[in-house]
Amino acid sequence: MRPAPTILHLDMDAFFAAAEQAAKPSLRGKPVVVGGLGPRGVVATASYEARRFGVHSAMPMAQARRLCPNAAYLVPRFPLYRMVSDRVMELLRLLSPLVEPLSLDEAFVDLEAGGAADDARSAREAGERLRRDIQAATGLTGSVGLAASKMLAKIASEQAKPDGLVLIEPGTERALLGPMPVRTLPGVGPATGEHLRRAGMTTVADLAGAGEAELVRLLGRAHGGAVFRMAAGWDDRPVVAERDAKSVSVEDTFDVDLHDRVRIRTEVERLADRCVRRLRASGHSGRTIVLKVRRFDFSTLTRSETLRGPTDDPAVVREAAARLLEAVDTTGGVRLLGVGVSGLADYTQEDLFAQAAAGDRHEDGPEDGLEAAPSRQQQPPPVEEPPPAERHWAAGQDVRHADHGAGWVQGSGLGRVTVRFEEPWSALPGRVRTFAVDDPRLEPSDPLPLVRPRDCQSSWPASRPRPRSPEGPVPEPGPGPSTPSPGGGGAVGRSGGDGRSRP
């Protein structure tokens, strides 16, 4: 354990929702919920105004709508979140070369390794300076925890929320942890917490007083020993700058259970292609293909197949996932499908048999499953092409109109789309206009930065590559239209970090 609180944990406040409020002046101070908007969507992040009504992350979106019907319900905009996250991580790396990102909005920093701090005073100064820099560069707030270990730094940042800083002095760990519930400790989930409760242990002080031998008897040697050390405030894990990915996966939850076997296979193949795109984007290949199926009764089945060598060939992954599907009983319907690749490597071993099979297919028929072009004598009569499908506009989506400029979709349905035209730096909420969904003057657009470049010269350099949207753990929005209602819900006053608000 360190003699000084030089490990910093940063956690951005209600990150997705706060970014949406910063980007949309009409939503500032009002409840905002970000997540999947379909019937089976899940809340990714709720603003502090929405949390007053009981809305929280991982809650079914239908329940959130019942609790807070007047909130603005928006789809996630990962290009914007990635852009802001990249800027925040740049500021962290100015403090130290040892930055351990945990997600888009959370990271550990070893201040001592970068020479930014060596005692409590300099650590606090570094933390306060970081909070100011983040707000100037992004317009958002973050909470900072400082301690002598990663576990305590994370606990401190939770106490600091929202928009605060908490420093835990070395030597005060046990007094601080003692009255906290056992679930505060990493690795103590609902099942372990209930097991400990039945044994009469509800606080961290109870765990420390029980002794290591008793916890080992209750939880096993490895888990019990780890829980005892954490209860005593001991955590010597270092900040690791690079964390190797163990797997890449994608999954979708469907608004209506899938029963058609052909449709299920088509969805599996589509997920396999998405998974391979993520795999290639990360610079990896993998040799174990994993299929996840959640059936109508919420039972979840996982099947896997290990190849002879790592691959990033979409055809190989599709075929393996399809083989795994054949061994799964989908009678009754499927509500969720997922495809993943594990056993990652940074090279690809060519599958000669797969190549040979592909070659055979190309000899027998046209490439990529395309039918051969008919000869001139066989040309069929011209067929009138069907009209293009109606464009879908998701609530919160960035758009640009040829006459009105940049805006965002408030809702759509019945062949119409409603757009509010405003920019992050607009002084007042923008005007609302309605258009036909196929209006050629209305087009999707990239998100605007939250801070104008001239207001913060270093925040958004023109040379920055456009971020790529990750495919990732937030459920995709359903196809149904949704019209957010910005009104309702009062603004919550800023806290200086009294520990009562949860992240």
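Defined by atom type and a distance below 3.5 Å, a donor-acceptor pair is missing between the side-chain atoms of Asp110 and Ser96. Side chains of Ser143 and Asp11: a donor-acceptor N/O pair is absent below 3.5 angstrom, by distance only. A donor-acceptor pair shorter than 3.5 Å cannot be found between the side chains of Thr138 and Arg87. Side-chain contact of Glu20 with Trp408: a donor-acceptor pair under 3.5 Å is absent, judged by distance alone. Side chains of Thr311 and Asp313: no donor on one and acceptor on the other come within 3.5 Å.
Cation-pi geometry between Arg335 and Phe298 is met: under 6.0 angstrom from the ring centre, within 45 degrees of the axis. A cation-pi geometry, defined here as NZ or CZ lying under 6.0 Å from the six-membered ring centre and within 45° of its normal, holds between Arg51 and Tyr48. Relative to the ring axis of Phe254, Arg40 does not place its NZ or CZ within 45° and under 6.0 Å from the centre.
Listed by first and then second residue, the ring-ring contact (aromatic ring centres under 6.0 Å, His included) pairs that reach into residues 97-146 are His9-Phe108, sequence neighbours excluded.
Going from atom NZ of Lys154 over to atom CG of Leu10 covers 10.5 Å, rounded to the nearest 0.5 Å. Note that the CG atom of Leu67 and the CZ atom of Phe53 stand 9.5 Å from one another [nearest 0.5 Å]. Annotation: the span from Ser157 atom OG to Glu106 atom CD amounts to 6.5 Å, rounded to 0.5 Å. The CG atom of Leu177 sits 5.5 Å away from the CG atom of Leu152 when rounded to the nearest 0.5 Å. In this structure, NZ in Lys292 is found 14.0 Å from OG in Ser304, a value given to the nearest 0.5 Å. Rounding to the nearest 0.5 Å gives a distance of 12.0 Å between CG of Asp273 and CG of Leu279.
With sequence neighbours excluded, the residues satisfying side-chain contact (heavy atoms from CB on, under 4.5 Å) with Val432 are Gln410, Thr418, Arg420. Checked against side-chain contact (heavy atoms from CB on, under 4.5 Å), Leu301 has the following partners two or more places apart in sequence or in another chain: Arg295, Arg303, Val328.
Under 4.0 Å is where a charged nitrogen must lie from a carboxylate oxygen, and between Glu100 and Lys150 at least one such pair does. Taking the charged nitrogens against the carboxylate oxygens, Arg93 and Glu90 have no contact shorter than 4.0 Å, which rules out a salt bridge. Residues Glu128 and Arg132 are not paired through a salt bridge, judged by the lack of any N-O separation under 4.0 Å between the basic side chain and the carboxylate. A salt bridge is defined here as a Lys NZ or Arg NE, NH1 or NH2 lying under 4.0 Å from an Asp or Glu carboxylate O, and Asp236 with Arg2 fails to meet this definition.
Ring geometry for Phe421 versus His404: interplanar angle of 30 to 60°, hence tilted.
Residues Arg294 and Leu337 form no side-chain contact, since every pair of their non-hydrogen atoms from C-beta on lies 4.5 Å or further apart.
Atom CZ of Arg237 has more than 12 heavy atoms from other residues, nucleotides or ligands within 6.0 Å.
Scanning both residues, Val227 and Leu185, for their nearest heavy atoms gives O-CD1, 4.1 Å.
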